[in-house]
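Only one structure is covered here, and it is reproduced in the block below.
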Amino acid sequence: MKSHLLLFFTLFTILTTTTILVSSLPSPASEINRKLPDNETIYRVSKQLCWGCIGESVQFLFAHNLVRAAKWELPLVWDTDLERYARWWAGQRKSDCAVEHSFPEDGFKLGENIYWGSGSTWMPTDAVTAWAAEEKYYSYLSNTCAYGEVCGHYTQIVWKSTRRIGCARVICESGDVFMTCNYDPVGNYVGQRPY
């Protein structure tokens with residue numbers, strides 16, 4: 001049964017991404033009457049595009065939903081507003097790559113996981129794998145983390161009422177990687193179990 005669920009999540013993610021991409025393509029009729037942009041316009045627009053963003057978004061979403069599927073939780077959906085917020089925060093960290101949350105301590109309005117990796121090769125699946133690895137420190141029976149360990153990244157990923165996600169990855173000026181994911185509704189309520 002679990003393999004069927006995994007196949008469903010994979011197909012859902014691929015079909016959703018394909019539908020979004022195809023629906024955003026212009027019709028051939030509108031292309032005929034449109035003037036081609038000049039080189040300056042092409043340059044300005046291309047600087048604003050994030051060429052790897054769609055692939056990274058799919059990686060973030062798929063990796064999260066695999067972890068959730070293991071606990072029989074509903075899959076998350078990608079939210080462009082959360083993605084924009086995550087991109088903004090990753091942009092703020094580009095100059096220093098500091099491992100800091102975007103909210104003040106105890107002031108979280110969204111769930112948020114952050115990740116830092118030395119070097120530029122760290123990808124979205126690396127961050128989600130590191131967060132999910134905290135499962136070994138979480139005790140469902142006592143609903144606590146092992147003494148001296150962290151498991152809140154993991155519990156946010158599998159939080160039962162969370163439905164939407166948006167993430168971003170940036171290579172900092174130092175050459176290291178900073179990644180952040182935001183979740184809505186927020187999870188990790190004290191005294192509540194994640195699933």
Side-chain angles (χ1 to χ4, degrees), residues 1-25 50-90 101-103 108-115 117 122-141 143 145 150-170 177-195:
M1 182 64 180
K2 287 185 181 182
S3 62
H4 290 102
L5 189 59
L6 177 61
L7 179 60
F8 170 76
F9 288 139
T10 304
L11 291 174
F12 175 78
T13 303
I14 291 169
L15 290 174
T16 303
T17 305
T18 305
T19 303
I20 291 168
L21 291 175
V22 169
S23 66
S24 66
L25 293 174
C50 179
W51 295 108
C53 294
I54 293 173
E56 288 179 357
S57 300
V58 170
Q59 288 178 45
F60 275 120
L61 183 61
F62 184 73
H64 275 81
N65 285 335
L66 280 179
V67 176
R68 290 177 67 83
K71 298 300 177 191
W72 296 95
E73 289 301 325
L74 292 172
L76 300 173
V77 296
W78 194 257
D79 186 288
T80 55
D81 290 333
L82 293 175
E83 178 187 10
R84 270 192 293 279
Y85 183 83
R87 289 209 177 287
W88 167 78
W89 185 243
H101 283 285
S102 64
F103 303 96
F108 286 93
K109 304 297 182 212
L110 299 169
E112 185 172 71
N113 284 345
I114 56 176
Y115 177 89
W122 300 96
M123 298 305 291
T125 51
D126 297 313
V128 179
T129 299
W131 297 329
E134 295 176 359
E135 179 181 13
K136 64 182 170 259
Y137 303 124
Y138 176 69
S139 167
Y140 185 81
L141 187 61
N143 194 29
C145 295
V150 175
C151 62
H153 301 101
Y154 164 71
T155 54
Q156 175 58 81
I157 290 174
V158 296
W159 198 262
K160 59 188 166 209
S161 62
T162 299
R163 296 290 177 256
R164 293 171 295 283
I165 184 176
C167 305
R169 173 185 176 271
V170 68
V177 170
F178 178 85
M179 289 184 259
T180 180
C181 287
N182 291 104
Y183 308 85
D184 185 57
V186 67
N188 288 340
Y189 287 101
V190 175
Q192 294 184 23
R193 285 185 163 76
Y195 47 85

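None of these values were measured; they are calculated from a predicted model.
- Using a 4.5 Å heavy-atom cutoff, the side chains of Tyr138 and Arg193 are in contact.
- Considering every non-hydrogen atom in both Asn188 and Gly152, the closest pair reads ND2-O, 2.9 Å.
- The backbone N or O of Glu112 lies less than 3.5 Å from no partner atom in the side chain of Asn182, so there is not a single donor-acceptor pair.
- Counting all heavy atoms, side chain and backbone alike, Cys181 lies closest to His64 at SG-CE1, 3.8 Å.
- Evaluation of the salt bridge (Lys or Arg N to Asp or Glu O under 4.0 Å) rule for Lys160 yields no partner, not counting sequence neighbours.
- Here Ile114 contributes atom CD1 and Met179 contributes atom CE; the two are 12.0 Å apart, rounded to the nearest 0.5 Å.
- In terms of heavy-atom proximity, Ala63 sits nearest to Thr125 at CB-CG2, 4.3 Å.
- A side-chain contact (heavy atoms from CB on, under 4.5 Å) with Ile165 is found for one member of Asn65, Asn113, Leu61, Asp79 and no other, namely Leu61.
- Here CZ of Arg169 is found 10.0 Å from CZ of Arg87. Values are rounded to the nearest 0.5 Å.
- Atom OG1 of Thr180 sits about 8.0 Å away from atom NE2 of His101, to the nearest 0.5 Å.
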Intermediate values then yes/no, side chain to side chain contact (heavy atoms under 4.5 Å, CB included), Phe60 and Trp78: CA-CA 9 Å; Phe60 275 120; Trp78 194 257; 3.9 Å; yes

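- Pairing each heavy atom of Ala132 with each of Val67, the nearest pair is CB-CG2, 3.7 Å.
- Minimum interatomic distance between Lys109 and Val186 (heavy atoms only, all atoms of both residues): O-CB, 4.3 Å.
- Taking the six-membered ring for Trp and thresholds of 30 and 60 degrees, Tyr85 and Trp88 have ring planes inclined between 30 and 60 degrees apart.
- Ring-centre distance between Tyr154 and Tyr137: not below the 6.0 Å cut-off.
- Across Ser57 and Glu83, no two heavy atoms sit closer than the pair OG-OE2, 3.8 Å.
- Defined by atom type and a distance below 3.5 Å, a donor-acceptor pair is missing between the side-chain atoms of Asp126 and Tyr115.
- Scored by the salt bridge (Lys or Arg N to Asp or Glu O under 4.0 Å) test, Asp184 finds Arg164 as partners (sequence neighbours excluded).
- Using a 4.5 Å heavy-atom threshold, the side chains of Leu110 and Phe103 count as touching.
- At least one side-chain heavy atom of Tyr189 sits less than 4.5 Å from a side-chain heavy atom of Trp159.
- Atoms CG and CZ, from Leu66 and Arg68 in turn, are 12.0 Å apart once rounded to the nearest 0.5 Å.
- Within the 4.5 Å cutoff, the side chain of Ile157 has heavy atoms near those of the Tyr183 side chain.
- Glu56 contributes atom CD, which lies 10.0 Å from atom SG of Cys167 (distance to the nearest 0.5 angstrom).
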